[in-house]
Every structure is written in C-alpha cells, then in structure tokens.
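Just below is one structure, and these are the notes that go with it.
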Amino acid sequence: MSQVSLKDITKIYPGDVEAVKDISLGVNSMEFLVLVGPSGCGKSTVLRMVAGLEEITEGEIYIGDRLVNDVPAKDRDIAMVFQNYALYPHMNVYDNMAFGLKLRKVSKGEIDKRVKDAASVLGIDRLLKRKPRELSGGQKQRVAVGRAIVRKPLVFLFDEPLSNLDAKFRTQMRTEIHKLHNKLRTTMIYVTHDQVEAMTLGDRVAVMKDGVIYQCDTPMNIYDNPVNKFVAGFIGGPPMNFMDGILRKKNGKLFFDEGNFQIGILDRMAPQLSPYTDKEITFGIRPEDIYDKLFTTEAQSENTISVTVDVVEPMGSEVYLYLNTKKHSFVARVGSRSTPEIFKNLDVVFDMGKVHFFDKNTEKRII
C-alpha cells in the first residue's frame, strides 16, 4: 500500500522558528493530494520531511505501514521532482533518466525498458540523445518527471515543479501531470503556491498558512464551503470580495448594512446569522456571483446596489469590472456584453444565494 500518514508533525528550525505546527494528514493510496498556500507557509517543509530531506522535530511519518522517521531518503521508496529540474548537464536525456537505476544495480535490459517506456508516456522519445542545454523548460521538466517514473516508487513528490515555466507551458505540463496520474495510478503529493494548479490537479487540496493546514477537502468543497476568510480569499481567481458592515434587523427581516447600501439576507440564513444582529460582520461574495443589472431578469434584480466603475478589463469571453461603493472596492466577473463606462455609476445585482458571512473577530465562516 502507498498511503502516507503524517501524525502530529512539527518542524522547528534554530531560533525557535516553528515552520510546521502539529500537522496530521492522511494521503490515500493512489490519491493526488495538493498542498497549497502562500510562500513561507511550510508546505515545502512538509514535503521535504516526507522525502527524508528534513528531520522531524516531533511526530511520525508513515509510508504504507512503515514508520520512516529514521529511514534515509534513499530507502523510503519515493521519487521527488524539484522546481529547478536538477538534471546532470553533461549527460544526455537517456542517461539522466537511467542514472538512479544504474546506482541501484538494475540490469541493463530493465533500465532500457523503463527509460523507453517512460519516454513514450511523456512524449520525449525523440529527445533521448539530447543534452539538457538543448531542451526547452517544458522538455527539461518532462525529463525530470521521467527520471522519477522509471524508479516506480510508492509515492511521487512534486515541489513546485511548474513555477519556472511560462504560462503556456505551465498549462500544458499541468495537463500532462494530470494525465500521468491517471495512467500510473500512483500516490502523488504536489506542492504549489498557485491555486489554479491546486484546483485543477488535486483529488483533495490542503490549504496551508503559517505552518497550519486550515482546510483539507475536495477542490469544489473548499471553493463552495471555505472554513474561514483566508481560505475563501486564497482559493478562486479573482479572489472573493469582502466587505465589513453591520447586521441589521427590520420588520423581522435581516439586512447587511455596508454603510452606503443595505441588502436583504435570505430567510434560510437567518438562524445562523441572528446572533450577530447589530454586530459588525464580514460579507463575502465571489466576482462571478455579481451581475450587471442590464443583463439580469426581473426576478434576479431584487438585490441591486449602485456602484462606481473604476476600471473595465475585457478578457475576451468575460469582463472584469473593478467597482467601488465609496467604502469598499470589489471585482465583478461578468459576461462580455457588459461594457460600462469608467467613472460612471452602474447598477449591479448580488446573488444572495451564494454569499458567505464571516465572524469579524475569528474570521471563521458563519454560513
């Protein structure tokens, strides 16, 4: 079995710098798990502890049923793909992919089979005689992945493997890694700061900040039901909009009072929100849940507010509108037919069935 279990893992560097704080996490056999978070959140440290490249201060790591805390990296039956490719410049592609197998005294025939099979899977058959300097960034990354594949490890570890590629190659390699996982059905743990990579690649995503995993769930559950304001703002592009205001009650109905507008809250949300009546609260809404009133139905237009247009960014099939209420700035992602004038007023509609509310002090999601 190739599951990975982290039990109460902590990493403290000299100077009492706590990089990872009491993390417990299980990665299922054949699962693709993504660790995502801002730079310095501890995600690469977690990966390196699994790999055996960093010592654990406290806790236990299991690969399969084996406790690996004191097992050297070379004996953990893992393969790691790094951000900087780490290819040997004097060796051609074939020898780079074969090198680890030669060290393990694998037979020449078996090495040849594994290298050519991996090259075929990755579409680099014609590159086997080339040196790294003759390859593009995307090709180098394929070779680095191929070097990992030939070892047939229990677990693949990826440490921000696409961050050195331009946007086009990142998209292409993201697709290739996804296809690779579907073919190999091997356990993969992938570290990135890019939430698009996390959402598109992961069977599950673990969102980290300050050495702590805030939420681990499927991409869509995290997107639709973030546990707190940080997760809500980190996952999604453009990120969720936040506005602070007071929760009011008038004629038995709850309203969110931003200061420059009031907007009604759905009755089904009242039980969770009622304890916050007359208190400051944070309102959250994603850009795609804000509509230009000109292109909404009469039924949708009930929750309308008037705002000022600061910037209009045509993106082809959609338009990003940067708007302000005089108190808060926010972004709407609308259809390409919407072309309002900048510095003019615009009526927009909030889809109140898709909004979230957060406790102003704890930043935890209320609903």
Side-chain angles (χ1 to χ4, degrees), residues 1-9 11 20-39 41-51 59-65 68 76 78-81 145 148 153-163 170-171 173-237 239-240 286 356 364-365:
M1 298 293 288
S2 54
Q3 71 268 22
V4 178
S5 297
L6 283 64
K7 297 184 178 181
D8 306 317
I9 297 299
K11 176 63 181 181
V20 175
K21 304 173 184 178
D22 195 26
I23 281 179
S24 292
L25 179 67
V27 186
N28 299 320
S29 182
M30 299 188 292
E31 182 178 26
F32 198 125
L33 181 95
V34 179
L35 293 169
V36 66
S39 296
C41 72
K43 56 190 184 296
S44 289
T45 302
V46 171
L47 198 76
R48 290 174 64 83
M49 285 193 288
V50 174
E60 297 176 333
I61 294 180
Y62 292 84
I63 297 178
D65 296 325
V68 297
R76 292 194 181 193
I78 56 95
M80 192 161 180
V81 179
V145 173
L154 284 176
V155 181
F156 284 93
L157 306 176
F158 294 87
D159 190 8
E160 304 212 34
L162 309 185
S163 57
R170 274 203 308 272
T171 301
M173 279 302 300
R174 195 167 68 226
T175 303
E176 292 302 321
I177 289 172
H178 206 161
K179 286 163 60 178
L180 183 65
H181 179 248
N182 290 335
K183 286 180 181 177
L184 300 180
R185 302 309 300 169
T186 305
T187 306
M188 295 185 176
I189 305 175
Y190 187 104
V191 160
T192 182
H193 63 272
D194 186 332
Q195 56 94 16
V196 174
E197 286 180 26
M199 292 290 287
T200 54
L201 284 172
D203 296 323
R204 285 189 303 148
V205 175
V207 184
M208 291 188 66
K209 182 186 179 188
D210 298 332
V212 176
I213 293 178
Y214 278 11
Q215 187 170 4
C216 183
D217 208 333
T218 64
M220 288 314 300
N221 277 344
I222 288 177
Y223 190 81
D224 292 335
N225 303 293
V227 296
N228 59 22
K229 185 179 174 183
F230 169 74
V231 174
F234 190 81
I235 298 295
M240 184 180 287
R286 293 202 179 276
H356 296 289
K364 291 182 178 179
R365 182 173 63 93

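Position 1 is the first residue of the sequence, and the numbers go up from there. A quick note: this is a predicted structure, and the numbers were derived from the prediction, not measured.
Minimum interatomic distance between Asp194 and Arg170 (heavy atoms only, all atoms of both residues): OD2-NE, 4.4 Å. Taking both residues in full, the closest heavy atoms of Asp159 and Ser44 are given as OD1-OG, 2.8 Å, listed atom of the first, atom of the second, then distance. Contact record, Asn182 with Arg185: O-CD, 3.2 Å, taken as the closest heavy-atom pair. In this structure, Val81 and Ala148 approach most closely via the heavy-atom pair CG2-CB, 3.9 Å. Residues Met30 and Thr187 come closest through the heavy atom pair N-OG1, 2.8 Å.
Under the rule for a side chain to side chain contact (heavy atoms under 4.5 Å, CB included), Pro239 has no partner lying at least two apart in sequence or in another chain. Checked against salt bridge (charged side-chain N to carboxylate O under 4.0 Å, His left out), Lys209 has no partners two or more places apart in sequence or in another chain. Checked against side chain to side chain contact (heavy atoms under 4.5 Å, CB included), Asn228 has the following partners two or more places apart in sequence or in another chain: Tyr214, Phe230, Val231. Listed by chain and residue number, Glu176 satisfy the salt bridge (charged side-chain N to carboxylate O under 4.0 Å, His left out) test with Lys179 (two or more places apart in sequence, or in another chain). Every residue meeting the side chain to side chain contact (heavy atoms under 4.5 Å, CB included) condition with Ala232, not counting sequence neighbours, appears here in chain and number order: Pro226, Met240, Phe242, Phe358.
Leu33 has its side chain within reach of Leu25: a pair of non-hydrogen atoms, C-beta onward, lies under 4.5 Å apart. At least one side-chain heavy atom of Ile177 sits less than 4.5 Å from a side-chain heavy atom of Leu162. Considering only heavy atoms from C-beta on, Leu47 stays 4.5 Å or farther from Lys43 through its side chain. Val27 is not listed as a side-chain neighbour of Val50, based on a closest heavy-atom distance of 4.5 Å or more. A heavy-atom distance below 4.5 Å is not found between the side chains of Val34 and Phe158.
Remark: Asn225 CG to Ile222 CD1 distance equals 10.0 Å, nearest 0.5 Å. Rounded to the nearest 0.5 angstrom, Lys229 NZ and His356 NE2 are separated by 14.0 Å. Considering NZ of Lys21 and CG of Asp210, their distance stands at 5.5 Å, rounded to 0.5 Å. Note that CD1 of Ile78 is 5.0 Å distant from CG of Leu157, once rounded to the nearest 0.5 Å. Leu6 CG to Glu60 CD: the interatomic distance, rounded to the nearest 0.5 Å, is 10.5 Å. The line from NZ of Lys11 to CD1 of Ile23 is 13.5 Å long, rounded to the nearest 0.5 Å.
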* **Verdict with supporting geometry, Val227 and Arg365, side-chain contact (heavy atoms from CB on, under 4.5 Å)** => CA-CA 5 Å; Val227 296; Arg365 182 173 63 93; 5.9 Å; no
* With side-chain contact (heavy atoms from CB on, under 4.5 Å) as the test, would you mind laying out the steps for Ile213 and Met208 before giving the verdict? => CA-CA 4 Å; Ile213 293 178; Met208 291 188 66; 3.7 Å; yes
* Give the intermediate values and the outcome of side-chain contact (heavy atoms from CB on, under 4.5 Å) for residues Gln3 and Val155. => CA-CA 8 Å; Gln3 71 268 22; Val155 181; over 6 Å; no
* Asked: Which is it for Ile189 and Leu35 under the side-chain contact (heavy atoms from CB on, under 4.5 Å) test, yes or no, and what are the steps along the way?
  -> CA-CA 7 Å; Ile189 305 175; Leu35 293 169; 4.3 Å; yes
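Side-chain N or O atoms of His193 include none that pairs as donor or acceptor with a backbone N or O of Val36 at under 3.5 Å. Judged purely by atom type and a 3.5 angstrom limit, Ser24 uses its side chain to pair as donor or acceptor with the backbone of Asp8. Side-chain N or O atoms of Gln195 include one that pairs as donor or acceptor with a backbone N or O of Gly236 at under 3.5 Å.
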Output side-chain donor-acceptor pairs under 3.5 Å for residues 197-205, partner residues at least two apart or in another chain, one line each.
unit_1	atom_1	unit_2	atom_2	d
Glu197	OE1	Tyr190	OH	2.8
Glu197	OE1	Thr192	OG1	3.1
Thr200	OG1	Arg174	NE	3.2
Thr200	OG1	Val196	O	2.8
Thr200	OG1	Glu197	O	3.3
Asp203	OD2	Phe32	N	2.8
Arg204	NE	Glu31	OE2	2.4
Arg204	NH2	Gly26	O	2.5
Arg204	NH2	Glu31	OE1	3.0
Arg204	NH2	Glu31	OE2	3.4

